[in-house]
Visitor: 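Let me begin by handing over the structure; questions about it come next.
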2 protein chains.
Amino acid sequence: MNMLYLVGRIVKPNARLTGMPPTRKYEQRLRAKAADQTRRRILDAVYQCLIEAPSEQVGMDKVAKLAEVSRSTIYTVFGSRAGLFDALGMDLLHRGGFTDMVGAVLQPDARRGLRDGITGNVRMYAAHRDVLRALFSMAHLDADAVGGTVRRLEDGRAQGMDDLARRLHDQGALRDGLTAGDAGHLLWLHTSFDAFDLLHSGRSLPADTVAALLADAAEHALCRPSDTPSSTGG
Amino acid sequence: MNMLYLVGRIVKPNARLTGMPPTRKYEQRLRAKAADQTRRRILDAVYQCLIEAPSEQVGMDKVAKLAEVSRSTIYTVFGSRAGLFDALGMDLLHRGGFTDMVGAVLQPDARRGLRDGITGNVRMYAAHRDVLRALFSMAHLDADAVGGTVRRLEDGRAQGMDDLARRLHDQGALRDGLTAGDAGHLLWLHTSFDAFDLLHSGRSLPADTVAALLADAAEHALCRPSDTPSSTGG
DNA sequence: CATTTCGATGAACATGCTGTATTTGGTCGG
DNA sequence: CCGACCAAATACAGCATGTTCATCGAAATG
């Protein structure tokens, strides 16, 4: 059904019909840059569409008009609707600060990494809330509506949380009776976009409050009563 | 845009054109029963469609074929696609055991109500996982794609959790420094479908394990260290 | 400047889905 | 059996996605 990114391009018939292959070497400098610009303009347009009307279906027509390109251009660049949203996900993954979050949990003190990871996570979720909501919901309703980006993104988070859980276990921070596996499950829950959005959108709480609530909840659910009076300094 | 359940029905032109109103009394016995049966067959078909292909878009055509009715019949009965899914939500609300869950949290011991409420909740979520996933995701993507059922359902849960939070506070069960408001927020999170599904589908955990994990997490996040050694008996 | 190459474009077309209008066929009451 | 009535089927209109194609214009190359 879908051949993403595989846009068949046939040699123009007005070229040499004798079967001679194109032998000229081309170093695209300006053209590649222009192509990247239109690509970016389209991605920004989708982003803008999702922000302006979060609970409406985004049509290719609106995106094209907002990006000031033709509708067919979107298809030549991204292949399909799914390819477009897949690229949007990849774009968020690189530019949205997802990598910072990974770094936050990797600091030596695992318990501190828990709090910093959650707050960093929440900050990132809050910055792109509407877009992420659309991406995640689309992924739930239609498996390949957004390509594999959401899956990849969540796989990374799962691995990171399992790592953190193990380090919490190794450092003796987990409360009695809680295995590293269960700790991973709970971290998976507390660092999820859904957990953030349930509190942020569902209860109209500002991002900072959500971060504090989630961090406290996670710490109490996971860790033994703290030896040091508090973790953030109060 | 939508006039759900309001299907305009015009008198056929071959009836008396002299303006005489229909005076015959009609007691529909067989026909009304048959109509209810087709209505139910359609609802069951949607349910079945969502179960068989959870991550595919459900088309009216598939539903009609599965219910062995014509596609137009769905429109005469439910008015629109949104009306159909709205009715499905209402059907789940009445037949899915949502009311049992409300009763569970209303028992005298609030702390026991927390655990029983969560386990009952999880059991219900697990029984209808695929259908609920579709309903919730659709509600997120398109505001009025499922009518107001999801909104009403969640409003009820919010109220119930705030009540429970206040009773936990009044019974002195909350840990120091946690307000009844914050407790309500956390209960809202721990009794959500998303929290269940993150663990059940996202981590491949059976429903019982999810219930135990969520109940323990909620108890540790909300309550003071238990005076009685344990709540469930372990 | 001439020629090649490629991104962008708009139109045309096919498809699939939602929603509506009209007709058909069977059931009810007399 | 007839006429009133209504659920169900058929046919049709509208809209969005996705594909194809001829063409334009600008960049790259000589």
Side-chain angles (χ1 to χ4, degrees), chain A residues 1-4 6-17 20-42 56-65 67-85 142 145, chain B residues 1-4 6-17 20-39 41-42 56-65 67-85 142 144-145:
Chain A
M1 170 195 178
N2 45 4
M3 311 200 304
L4 310 183
L6 276 177
V7 185
R9 211 150 253 301
I10 300 154
V11 195
K12 287 184 69 174
N14 59 352
R16 282 291 176 88
L17 294 173
M20 181 184 270
T23 50
R24 228 186 230 182
K25 57 179 177 180
Y26 256 63
E27 299 178 18
Q28 304 136 329
R29 288 168 289 195
L30 288 183
R31 311 202 64 167
K33 209 167 76 175
D36 278 1
Q37 278 177 352
T38 62
R39 180 189 164 87
R40 173 122 307 279
R41 244 195 353 258
I42 294 171
E56 280 182 25
Q57 187 167 332
V58 172
M60 309 293 269
D61 220 344
K62 278 186 185 173
V63 175
K65 214 167 73 177
E68 289 177 322
V69 298
S70 176
R71 197 170 61 87
S72 67
T73 303
I74 304 178
Y75 285 96
T76 60
V77 174
F78 296 101
S80 69
R81 178 187 171 84
L84 173 61
F85 283 95
D142 194 342
Chain B
M1 171 197 177
N2 45 5
M3 313 199 303
L4 309 183
L6 277 178
V7 185
R9 210 149 254 301
I10 301 155
V11 196
K12 284 184 73 174
N14 60 351
R16 283 291 176 89
L17 294 173
M20 181 184 269
T23 51
R24 222 185 235 182
K25 58 178 179 181
Y26 257 61
E27 299 176 17
Q28 305 138 328
R29 288 168 289 195
L30 289 182
R31 310 199 68 164
K33 210 167 76 175
D36 277 0
Q37 278 178 352
T38 63
R39 180 189 164 87
R41 239 191 1 253
I42 293 171
E56 281 183 24
Q57 187 168 334
V58 171
M60 308 294 269
D61 218 345
K62 277 186 185 173
V63 175
K65 213 166 75 177
E68 288 179 323
V69 298
S70 176
R71 201 169 55 82
S72 70
T73 303
I74 304 178
Y75 283 96
T76 61
V77 174
F78 295 101
S80 70
R81 178 187 171 84
L84 172 62
F85 284 96
D142 194 344
D144 47 19

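Labels below follow one simple rule: chain letters A, B, ... track the order of the sequence lines, proteins then strands, and each chain is numbered from 1. Everything numeric here is computed off the predicted structure, so don't read it as measured data.
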Visitor: From C-beta outward on B/Met60, which listed nucleotide comes closest to its side chain: C/dT18, C/dG19, C/dG10?
Guide: C/dT18
Visitor: From A/Thr73 OG1 over to A/Glu68 CD, what is the distance, rounded to the nearest 0.5 angstrom?
Guide: 12.5 Å
Visitor: Once you round to the nearest 0.5 Å, how far does OG1 of B/Thr76 lie from CZ of B/Arg71?
Guide: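 That separation rounds to 11.5 Å.
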Visitor: Over how many whole Å does the gap from B/Gln57 atom CD to D/dT17 atom P extend?
Guide: 12 Å
Visitor: With a cut-off of less than 4.0 Å, is there a side-chain N or O of B/Ser72 near OP1 or OP2 of C/dG19?
Guide: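 Indeed not, no polar side-chain atom of B/Ser72 lies that close.
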Visitor: Give the rounded distance in Å between these two atoms: CZ of B/Phe85 and P of C/dG19.
Guide: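 Whole-Å distance recorded here is 11 Å.
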Visitor: Would you give the length of the straight line joining atom CZ of B/Arg81 to atom CG of B/Leu84, rounded to the nearest 0.5 angstrom?
Guide: 8.0 Å
Visitor: Taking atom P of C/dG7 as reference, at what distance in whole Å does atom CZ of A/Arg40 sit?
Guide: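 One finds 18 Å between P of C/dG7 and CZ of A/Arg40, rounded.
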Visitor: Measure across A/Ala64 and A/Ser70 and return the closest heavy-atom pair with its distance rounded to 0.1 Å.
Guide: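 For A/Ala64 versus A/Ser70, the nearest heavy atoms are CB-C, 4.0 Å.
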Visitor: Has the side chain of B/Arg71 got a donor or acceptor that lies under 3.5 Å from a partner of the other kind on the base of C/dG19?
Guide: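 Indeed there is one.
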Visitor: Output the rounded distance in Å from CD1 (B/Ile42) to P (D/dA8).
Guide: 7 Å
Visitor: Specify the separation, in whole Å, of atom CG of A/Asp142 and atom P of D/dT17.
Guide: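 Between P of D/dT17 and CG of A/Asp142: 14 Å.
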Visitor: What is the distance, rounded to the nearest whole Å, between atom CD of B/Glu68 and atom P of D/dA9?
Guide: 10 Å
Visitor: Supply the atom-to-atom distance A/Gln37 CD to A/Ile42 CD1, rounded to the nearest 0.5 angstrom.
Guide: 12.0 Å
Visitor: Nearest-Å distance, OH (B/Tyr75) to C1' (D/dA7)?
Guide: 17 Å
Visitor: Rounded to whole Å, how long is the line connecting atom NZ of A/Lys65 with atom C1' of D/dA16?
Guide: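 After rounding, the reported distance stands at 15 Å.
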Visitor: Can you tell me if the side-chain N/O atoms of A/Thr76 get under 4.0 Å from OP1 or OP2 in C/dA8?
Guide: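 It does not, given that no N or O in the side chain of A/Thr76 lies less than 4.0 Å from OP1 or OP2 of C/dA8.
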Visitor: Under 4.0 Å from OP1 or OP2 of C/dT9: is there any side-chain N or O of A/Thr73 that close?
Guide: yes
Visitor: Could you work out which one of C/dA8, C/dG19, D/dA8 sits closest to the side chain of A/Ala35?
Guide: C/dA8
